[in-house]
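Lettering of chains follows the sequences in order, A, B, ..., and the numbering in each one begins at 1.
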Protein chains: 2
Amino acid sequence: MNDIAVAAGVAQSTVSRVLNDAPLTIPVAPETRARVLETARRFGYRPNPLARALRGARTMLLGAVVRDITDPFFAVAIEALAGEARARRYNVVLGHAHGQADEAIELTHVLEAGHCDAIVLVGDMTDQPRLIKDLQSSRVPVVALWQGSRVRGIPAVNVDNRCGVRLALDHLTTLGHRRIAFVGGRPLGDIEERRAAFVEYLADAGMDLPDEYVQHTVNTPAGGSMSLRSLRDLPAPPTAVVAATDVLAVGVLNAAFQTGVRVPDDLSVTGFDDIPFAAYTVPPLTTLRMPITDMIAEAVRLAIEEDGTPAGERGRLVRVLAPTLVERDSTARPRDVPT
Amino acid sequence: MNDIAVAAGVAQSTVSRVLNDAPLTIPVAPETRARVLETARRFGYRPNPLARALRGARTMLLGAVVRDITDPFFAVAIEALAGEARARRYNVVLGHAHGQADEAIELTHVLEAGHCDAIVLVGDMTDQPRLIKDLQSSRVPVVALWQGSRVRGIPAVNVDNRCGVRLALDHLTTLGHRRIAFVGGRPLGDIEERRAAFVEYLADAGMDLPDEYVQHTVNTPAGGSMSLRSLRDLPAPPTAVVAATDVLAVGVLNAAFQTGVRVPDDLSVTGFDDIPFAAYTVPPLTTLRMPITDMIAEAVRLAIEEDGTPAGERGRLVRVLAPTLVERDSTARPRDVPT
DNA sequence: CTGAAAGCGCTAACAC
DNA sequence: GTGTTAGCGCTTTCAG
């Protein structure tokens with residue numbers, strides 16, 4: 001910047017003013033402005049964001065700590081996040097918390113220490129209490145997404161898990177199912193809420209719920225596959241399975257196929273998330289569409305926009321958006337209930 | 001840092017030395033060192049990476065420009081990248097090039113302008129020539145991954161597409177298939193190499209290849225699905241389909257199911273990438289396993305490790321790793337060829 | 001309207 | 001061994 005100041009025959013501060021479209025209160029002569037702009041262009045000038053940030057300006061970097069990018073659902077979320085950030089001329093710094101808590105902690109240190117203007121937590125991080133605790137005392141705004149049960153002190157944007165599960169169960173019971181099982185990942189955050197809503201619904205409906213009908217496994221197709229096998233080995237296997245995520249549902253579908261169980265004739269399956277693949281499973285999956293775009297937009301707004309909310313109050317900001325049921329071909333009337 | 005210097009009763013430079021484990025050539029009195037460390041801890045000191053970077057040190061940030069995070073294959077790659085980066089105490093700054101070329105270009109400006117120590121391109125970016133051109137004159141090291149045909153001036157780590165396609169076709173022809181079609185995304189980079197290898201193989205083998213047997217579509221399940229429908233409408237539909245990616249293969253499998261074509265009885269399908277879902281499709285997909293971990297490790301090494309290669313020579317660094325065939329249940333002997 | 005100058009937090013000579 | 005000092009590239013008063 002100094003070079004270009006010299007070349008244009010003006011002071012370096014003037015260059016700064018021109019290049020930053022300085023406040024109209026301190027105008028620059030159009031002629032000077034043009035000359036500076038021209039010289040800057042010739043020099044191929046690029047502002048150094050580091051120096052800028054050091055001086056107190058924003059880094060235009062949004063930190064994202066994501067539980068597991070490998071999960072297509074989160075991948076889509078990250079894409080939406082990148083898009084939303086980009087629209088606000090932000091870039092996304094990525095960190096994944098997969099693995100040891102220590103890693104995630106170290107990560108947030110980096111993110112927080114002035115590099116990012118805000119941090120968004122993508123996915124349940126409740127099994128990493130130290131991370132959460134660390135973030136609560138963060139100087140930069142932190143927003144949590146899909147954190148399930150609200151994390152104290154951190155504003156959050158969540159999906160209405162209870163509503164989603166009810167949608168799925170209404171659908172299934174209306175079809176005539178009475179023996180319905182639940183397959184979920186580790187009972188954290190969202191998953192735990194979905195499990196609780198499931199149990200509550202069945203209790204309210206006065207339906208039987210053997211302990212074995214609630215399966216907990218890892219949130220991968222492999223986990224879903226294993227769970228269905230366990231379920232089928234029961235004396236009275238369920239006629240429908242509510243999977244806590246589409247990723248699990250994919251495993252359930254696969255295990256059904258492998259063991260000769262026809263979906264939806266012998267077994268109905270519902271997912272949760274509506275990942276891109278959900279429409280292309282065999283058969284296409286009935287699932288709950290997550291309002292990802294809206295959730296991300298809201299989260300970014302909370303993270304970046306300086307509203308007047310005092311820091312102490314921010315933690316109370318919680319938005320809950322509702323999912324919608326997408327009926328595809330993995331659910332049908334059970335065999336014993338004729339039309 | 002100044003505060004802590006005052007509090008500990010030493011010079012700020014001493015604090016810097018202690019906190020950075022300064023070179024042994026300028027030792028610090030153990031007692032002073034201890035006092036500084038203690039004070040720093042009390043103050044909850046966190047180094048400001050911005051200032052550090054401004055001073056010329058590295059940012060410990062690795063820029064990743066990824067074609068489409070939504071693609072599970074790239075998601076896995078990013079996860080591997082994050083892991084490898086983390087192992088070297090780096091963080092990953094993410095940018096996705098999905099969409100307009102302008103976006104990606106703007107993106108690299110940000111990444112390049114001193115924010116990142118190196119940039120890695122994940123996926124074919126050959127349709128964004130300006131981006132590539134921009135990057136070639138980059139001051140920070142750039143490494144390309146899955147760039148397909150080599151990009152001039154940028155070191156690259158690629159998969160051996162020719163080898164992969166041959167593996168798939170050897171497998172299929174050995175089973176007895178003679179009418180084999182190819183379904184690929186836009187003919188760029190890797191995809192184009194795969195298509196070329198496919199055409200070449202069939203020509204060498206003296207097998208028929210109607211023009212319609214080479215389908216180009218979008219790299220999504222929807223694209224794969226549409227392509228298979230077109231293929232089935234042909235007077236002589238293929239008995240096997242080589243999909244250029246697993247994502248396409250998922251669509252092919254779905255379309256087969258929807259149109260009553262049984263896989264592998266009526267149709268064999270192979271994929272490419274071995275994404276996590278590949279083992280859980282219906283039926284499980286025969287595909288080519290990508291040596292992701294090795295490729296990522298190599299790319300990170302090229303990007304971060306300052307070897308002695310002169311800048312002008314770096315572009316000639318190209319590594320090509322071979323995929324391996326994973327036989328699952330989506331391929332079998334065609335109906336008209338009895339055992 | 002424009003220039004001079006003071007730092008932002010840190011590192012790296014260069015003294016003492 | 002430790003303190004002093006000069007910037008890194010930029011924004012931002014404060015004077016002209």
The single option from A:Val159, A:Leu81, A:Val320 that satisfies side-chain contact (heavy atoms from CB on, under 4.5 Å) with A:Met295 is A:Val159

What one should report as the nearest heavy-atom pair of A:Val140 and A:Asp117 is CB-O, 3.8 Å

B:Glu298 and B:Arg301 ion-paired at < 4.0 Å: yes

Provide the start and end nucleotides, 5' to 3', of the part of DNA chain D that has atoms under 4.0 Å from heavy atoms of chain A. D:dG9 to D:dT13

Establish, from distance only, whether the side-chain atoms of A:Arg67 and A:Asn219 form a donor-acceptor pair under 3.5 Å. no

Holding to side chain to side chain contact (heavy atoms under 4.5 Å, CB included), I want the full list of residues that pass it with A:Ala7, two or more places apart in sequence or in another chain. A:Thr39, A:Phe43

Which residue lies toward the 5' end of DNA chain C, B:Ser16 or A:Pro30, if each is placed at its nearest nucleotide? A:Pro30

For residues 2-14 of chain A, which residues have at least one heavy atom under 4.0 Å from DNA chain C? A:Gly9, A:Val10, A:Ala11, A:Ser13, A:Thr14

Do B:Val120 and B:Leu145 come within less than 4.5 Å of each other through their side chains, counting heavy atoms only? yes

Going by heavy atoms in the side chains, are A:Val65 and A:Ile119 under 4.5 Å from each other? yes

Map B:Ala51 and B:Arg17 onto DNA chain D by nearest heavy atom, then report which one ends up closer to the 5' terminus. B:Arg17

Enumerate the ring-ring contact (aromatic ring centres under 6.0 Å, His included) contacts for residues 58-77 of chain A, please, sequence neighbours excluded, ordered by first and then second residue. A:Phe73-A:Trp146

Using side-chain hydrogen bond (donor to acceptor under 3.5 Å, both in side chains) as the criterion, list what pairs up with B:Gln12, not counting sequence neighbours. none

Run the salt bridge (Lys or Arg N to Asp or Glu O under 4.0 Å) check on A:Glu192 and A:Arg186 step by step: do they pass? CA-CA 8 Å; A:Glu192 167 55 16; A:Arg186 287 198 292 164; over 6 Å; no

Range on DNA chain C touched by chain B, heavy atoms, distance below 4.0 Å: C:dG9 to C:dA13

